[in-house]
Number of protein chains: 2
Amino acid sequence: MPPTDGEAERKIIPQAVIKRLSLYSRILQDLELENVEKISSADLGRRLGFNSAQVRKDLACFGQFGVPGFGYYVSDLRKNLRSILGKDRTVRVILIGVGNLGSALISYHGFTKQGFKMMWGFEAQPEAATQRVRSEVPIYHVDELESKIQGESVDIAVLAVPATEIQSIAERVVAAGVKAILNFVPARIEVPEEVQVRYVDLALELESLSYYVR
Amino acid sequence: MPPTDGEAERKIIPQAVIKRLSLYSRILQDLELENVEKISSADLGRRLGFNSAQVRKDLACFGQFGVPGFGYYVSDLRKNLRSILGKDRTVRVILIGVGNLGSALISYHGFTKQGFKMMWGFEAQPEAATQRVRSEVPIYHVDELESKIQGESVDIAVLAVPATEIQSIAERVVAAGVKAILNFVPARIEVPEEVQVRYVDLALELESLSYYVR
């Protein structure tokens, strides 16, 4: 396992590994709160349903963090993972579409808890949306999208607009310089290759559950 | 690869494989609409970012579907996967908590599109929720949970209640006989081992994006 680190660093890291890093990072956050100082790859894996080899292999993609026969120092590993995930600085997020789903997202406790800063919401009916959400995040008319973004560094745009508008909204945020999109709308979008897009499919977990209730 | 089928069937199928089955099933649905009759494991994988060996290995967990050197018959494979996923019958779902997020979920197009039947919503303030959602799904007071469920077969309960209420609501749906829970609340719940629980973490995809925008 150890000698492949250098080689792995030159490779593109699979998305699935990046996702698991978030999971590791959260467990480590819990462990710190419980004042746990070190943890083995087996224990770390057990908390997430992975085996120890998987944990070691995932972390080895990014460097040599563990001490053989000892495990990982919790707070060191957490600091490293946060830095790898780009979370040692504030990640600035905007939301477009503050309907029912967007209203839930703009004040979603899980975002702020994980260090994301929700900057602004944009909506075709901003007054109604502002009444609905009771959040501190200001909500602007979607016409103001370009003028608000300009000159500000926005890392990620979260999209929760009607499916019929998703492509044109995606093009507008990309033209305004946003390089990453999180799409909650069950419709594909086409953007230039350098823009990162992730789809959140709320029905996918439901499907995997239906397998178990046959 | 071929001779391991029988052995694999006796094993517990990893959750990740079940999740990928949903993805395969969706691609096959699209292919059917495009009148495509057959597809290779390489092409199927390419549409999802997996390699052909992964596709063959995943499908081999459930039987021998492909024809070597030819690929898969689209509509046969889709029918098989739907049956494996328990989707050859209607999967009956209820929603508890019809706030902002719940309002989005109760009328989420992605659920009905994938063959789930949203039966009822339950909410502490059912009148306000009914006004908010403009959905055809009836919304009852949460006090009526047990009496509505009794004698009906409910497959999955989707939870979108405040975090402070999640454990007591989970216990009530389990006591009422529901065997699977999809939890949208960023809080863990404790239920008997035989109850399947999945957590939807809306911040997880955001985290994996933050890696790319460092």
Side-chain angles (χ1 to χ4, degrees), chain A residues 13-16 18-19 21-23 25-26 49 83-89 91 93 99-111 113-116 132-133 155-156 158 160 163 179-182 184 186 196-214, chain B residues 13-16 18-19 21-23 25-26 49 83-87 89 91 93 99-116 132-133 155-156 158 160 163 179-182 184 186 196-214:
Chain A
I13 310 290
Q15 276 185 31
I18 305 296
K19 246 193 208 175
L21 280 201
S22 305
L23 297 174
S25 168
R26 286 180 192 205
S83 156
I84 290 166
L85 285 169
K87 286 177 62 192
D88 43 359
R89 63 176 190 90
V91 178
V93 178
N100 280 329
L101 180 58
S103 300
L105 293 174
I106 206 166
S107 52
Y108 183 59
H109 184 57
F111 289 159
K113 199 172 155 194
Q114 293 303 324
F116 294 99
R132 186 166 48 232
V133 297
D155 296 304
I156 300 173
V158 176
K179 295 280 181 240
I181 290 174
L182 184 63
F184 277 88
Q196 290 283 334
V197 182
R198 293 291 174 284
Y199 295 87
V200 179
D201 183 338
L202 300 173
L204 210 59
E205 293 285 348
L206 202 58
E207 288 211 358
S208 84
L209 266 179
S210 84
Y211 169 81
Y212 296 94
V213 296
R214 280 173 313 175
Chain B
I13 310 288
Q15 275 186 31
I18 304 297
K19 247 193 206 174
L21 281 202
S22 304
L23 296 174
S25 169
R26 287 180 191 203
S83 156
I84 290 167
L85 284 169
K87 287 177 62 190
R89 62 176 191 91
V91 178
V93 178
N100 281 329
L101 180 59
S103 299
L105 293 174
I106 206 165
S107 53
Y108 182 59
H109 184 58
F111 289 159
T112 42
K113 198 172 155 194
Q114 293 303 325
F116 294 98
R132 187 165 47 232
V133 296
D155 296 304
I156 300 174
V158 176
K179 295 280 183 239
I181 290 174
L182 184 63
F184 277 88
Q196 290 282 335
V197 181
R198 294 290 174 283
Y199 295 87
V200 179
D201 183 338
L202 301 173
L204 210 58
E205 293 285 347
L206 203 57
E207 289 212 355
S208 83
L209 266 180
S210 83
Y211 170 80
Y212 296 95
V213 296
R214 281 172 311 173

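Because the structure is a prediction, the values reported are computed rather than measured. Lettering follows sequence order; numbering is per chain, from 1.
- In this structure, the portions of A:Asp201 lying under 4.5 Å from any heavy atom of chain B include both its backbone and its side chain.
- Shown here for A:Tyr211 and B:Ile84, the closest heavy-atom pair between the two residues is CD1-O, 3.2 Å.
- For B:Lys87, the side chain to side chain donor-acceptor pair (under 3.5 Å) test picks out A:Glu207, B:Gln114, with sequence neighbours left out.
- The most heavy-atom pairs under 4.5 Å with chain B, out of A:Arg89, A:Lys179, A:Arg26, A:Arg132, come from A:Arg26.
- The candidate with the highest count of non-hydrogen atom pairs below 4.5 Å against chain A, out of B:Val200, B:Ile156, B:Leu23, is B:Ile156.
- Across every non-hydrogen atom of B:Ser22 and A:Ser208, the tightest pair is OG-N, 4.3 Å.
- Nearest heavy-atom pair across A:Phe116 and B:Ser210 is CE2-CB, 4.0 Å.
- Evaluation of the side-chain contact (heavy atoms from CB on, under 4.5 Å) rule for A:Ala160 yields A:Leu95, A:Leu101, A:Leu105 as partners, not counting sequence neighbours.
- Counting heavy-atom pairs under 4.5 Å between each of A:Leu209, A:Val91, A:Leu21 and chain B puts A:Leu209 at the top.
- Considering all non-hydrogen atoms of both residues, B:Ile13 and A:Tyr212 come closest at O-OH, 4.2 Å.
- Comparing B:Ser107, B:Ala203, B:Ala163, B:Gly86 by how many heavy-atom pairs each has under 4.5 Å with chain A, the most go to B:Ala203.
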Pair B:Gln196-A:Val213, side-chain contact (heavy atoms from CB on, under 4.5 Å): steps then yes or no: CA-CA 9 Å; B:Gln196 290 282 335; A:Val213 296; 5.9 Å; no

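- Per-residue heavy-atom pair counts under 4.5 Å with chain A were compared for B:Val93, B:Asp155, B:Leu85, and the maximum is reached by B:Leu85.
- Looking at B:Ser25, there are no atoms closer than 4.5 Å to chain A (heavy atoms on both sides), in backbone or side chain.
- To the nearest 0.5 angstrom, A:Leu202 atom CG is 4.0 Å from B:Tyr108 atom OH.
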